[in-house]
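Let me begin by presenting the structure, written as structure tokens, before commenting on it.
Only this structure's heavy atoms are used, side chains among them; waters, hydrogens and symmetry mates stay out. Proteins get letters first, then strands, A, B, ... in listed order; numbering begins at 1 in each.
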Amino acid sequence: MSSVASGAIDHHHDSTTSTGISNKKLLMWIFLASDCMFFGCLISTHLIYRLHPPVGTPPASSIFSIELTSFSTFILLMSSLMMALAVNAIQKGNLKSMRASLVLTIICGLIFLGCQVFEFSEFVHVKHLTISNSILGTTFFTLTGTHGIHVLIGVIWLTTMLIYSYTGRLSEKDAIDVESMGLYWHFVDIVWIVIFTVVYLLEYI
Amino acid sequence: MSHSAVASQDHGTEHSKFELFVQIAMLLAVITGIEIVTVYLPFSHTALVTILMLSSTVKFLFVIFIFMHLRWDKPFCTVLFFIGMVLAGFTMWALLQVFSAQASIPLSSL
């Protein structure tokens, strides 16, 4: 690790553990490691049961909308970029730039959630795939719904941080708080990277 | 090193990091586009699955090492996260082995 690179991440005013990593950051990494197992179980459950759609319904590839899902994926990737820029800005003490990046991240998160609500509504009312009428529906809605809940929590967290930055409860000294939130948001993105490939794209092969 | 030299270096690092983030985001978008096109290509099932798994792994690694700063953080963070990843991987592998497609057929449809 170069001295310039390591110096770029400034954990000022934050208590550190014996590992040299701040408490908040260490807690977030442990949480994300445990969340990996949580999503791992949900994804494998979907993979196991995806072969059993409702009787008489068309294959999953004709239920899914690849255009909508691709758009959602692009939006989430862009939100990750904005989040990375927000963390970079607060680490450099640029509160104004951080606010702008946070607003864009929140907008991206809301667009993603809107797409998911539209998709779920389409599946239930048009494609007649519900959470209770088939195993495919159960595993699909549980997996993507859990991910959606994670995105919603992220959006609420981002909004709270944004409000705090205006009220003075979040300043340049609290870069670690934004960094921890950024880790969570990027994790939500990487989970979607896996879901997009394993749940959606595999159905088209 | 003089104050102005340090400030200049900091500005350069900030600028290069900004560029790196934008480049990685564009790369991720391009890889996603390639993935979408790939599923419509007349390749064998095995080849397509391999390409998709490799591309999503590349995207995954770019996000965790660049956006999540693992590249610049202490190695312990990487170790911690990969412990979770390995455990998740083994859990998934075990579940897929135990509940094969045949075993997952609902009793009501047999």
Side-chain angles (χ1 to χ4, degrees), chain A residues 1-2 4-9 19-21 25-26 29-30 32-41 43-45 47-49 51-52 55 66 70 73-74 77-78 80-85 87-88 91-92 94 135 179 182-183 185-187 189-190 193-194 196-198 201-205, chain B residues 9-10 12-14 17-18 21-22 24-26 28-29 32-33 35-36 38-40 43 45 48-49 52-53 55-56 59-60 63-64 66-69 71-77 80-96 98-101 103-106 109:
Chain A
M1 193 191 329
S2 72
V4 173
S6 61
I9 298 170
T19 58
I21 304 163
K25 196 168 176 178
L26 194 62
W29 277 114
I30 292 169
L32 297 182
S34 69
D35 226 20
C36 279
M37 289 178 268
F38 180 58
F39 275 106
C41 290
I43 290 169
S44 36
T45 306
L47 284 176
I48 290 161
Y49 290 114
L51 300 175
H52 307 294
V55 178
I66 197 163
S70 306
T73 306
F74 179 75
L77 286 174
M78 290 307 108
S80 250
L81 169 64
M82 290 304 139
M83 190 68 241
L85 295 181
V87 173
N88 199 35
Q91 283 172 347
K92 301 293 175 192
N94 190 345
I135 295 177
E179 197 181 338
L183 290 177
W185 191 260
H186 294 309
F187 178 76
D189 183 32
I190 55 174
I193 286 173
V194 178
F196 178 63
T197 304
V198 171
L201 290 182
L202 279 185
E203 296 294 345
Y204 290 85
I205 296 176
Chain B
Q9 194 179 27
D10 279 354
T13 309
E14 184 181 6
K17 222 170 182 184
F18 177 86
F21 288 150
V22 174
I24 294 297
M26 293 305 116
L28 294 175
T32 305
E35 281 180 330
I36 296 161
T38 303
V39 294
Y40 294 108
F43 294 152
H45 186 269
L48 285 173
V49 171
L52 287 177
M53 290 304 151
S55 58
S56 60
K59 283 161 67 181
F60 187 94
V63 174
I64 63 167
I66 306 293
F67 285 167
M68 293 172 89
H69 283 134
R71 181 181 161 189
W72 298 284
D73 263 344
K74 290 189 182 297
F76 186 67
C77 292
L80 206 57
F81 187 62
F82 274 84
I83 287 173
M85 286 293 301
V86 169
L87 285 172
F90 274 116
T91 309
M92 288 179 77
W93 176 78
L95 281 170
L96 291 170
V98 172
F99 301 99
S100 62
S104 67
I105 296 172
S109 61

### Sub-4.5 Å side-chain heavy-atom contact between K59(B) and D189(A)
no
### Message
Within the structure provided, determine whether H69(B) and Q91(A) are in side-chain contact (heavy-atom separation under 4.5 Å).
### Response
yes
### Message
Under 4.5 Å from any heavy atom of chain B, what part of L81(A) do you find: side chain, backbone, both or neither?
### Response
both
### Task
Just do the side chain to side chain contact (heavy atoms under 4.5 Å, CB included) check on M68(B) and W29(A) with the steps written out, would you?
CA-CA 10 Å; M68(B) 293 172 89; W29(A) 277 114; 3.8 Å; yes
### Query
Minimum heavy-atom separation for I36(B) to S70(A), with atom names?
CD1-OG, 3.0 Å
### Query
How many angstroms lie between atom CD1 of I205(A) and atom OG1 of T38(B), to the nearest 0.5 angstrom?
9.0 Å
### Query
Measuring heavy-atom distances to chain B, does T73(A) have an atom under 4.5 Å in its side chain, in its backbone, in both, or in neither?
side chain
### Summary
Exactly one candidate in L201(A), T197(A), L202(A) meets side-chain contact (heavy atoms from CB on, under 4.5 Å) with V39(B); the answer is L201(A)
### Query
Are F76(B) and L26(A) side-chain neighbours, meaning at least one heavy-atom pair lies under 4.5 Å?
yes
### Message
Heavy-atom count check: over 12 atoms from other residues, nucleotides or ligands less than 6.0 Å from Y40(B) OH?
### Response
yes
### Task
Find out whether L32(A) and L80(B) are in side-chain contact, i.e. whether some heavy atom of one side chain is under 4.5 Å from a heavy atom of the other.
no
### M85(B) versus C36(A), closest heavy-atom pair with distance
SD-SG, 3.6 Å
### Query
Does F196(A) reach the side chain of S56(B), with side-chain heavy atoms less than 4.5 Å apart?
no
## Note on the structure
Taken to the nearest 0.5 Å, the spacing of F18(B) CZ from N88(A) CG works out to 9.0 Å
### Message
With a 4.5 angstrom heavy-atom cut-off, is it the side chain or the backbone of M78(A) that approaches chain B, or both, or neither?
### Response
side chain
### Summary
Output for pair (S80(A) OG, I66(B) CD1), nearest 0.5 Å, gives 12.5 Å
### Message
Heavy-atom cut-off 4.5 Å, strictly under: side chain, backbone, both or neither for F82(B) against chain A?
### Response
neither
### Query
For F74(A), is it the side chain, the backbone, both or neither that has a heavy atom under 4.5 Å from a heavy atom of chain B?
side chain
### Message
Measuring only between side-chain heavy atoms, which start at C-beta, is F67(B) closer than 4.5 Å to W185(A)?
### Response
no
### Query
Taking all atoms of both residues into account, what is the closest heavy-atom pair of C41(A) and L95(B), and its distance?
CA-CD1, 4.1 Å
### Query
What part of I83(B) lies closer than 4.5 angstrom to a heavy atom of chain A: side chain, backbone, both or neither?
neither
### Query
Taking all atoms of both residues into account, what is the closest heavy-atom pair of G40(A) and M92(B), and its distance?
O-CG, 3.2 Å
### Query
What is the distance from atom CE of M37(A) to atom CZ of F90(B), rounded to the nearest 0.5 Å?
13.0 Å
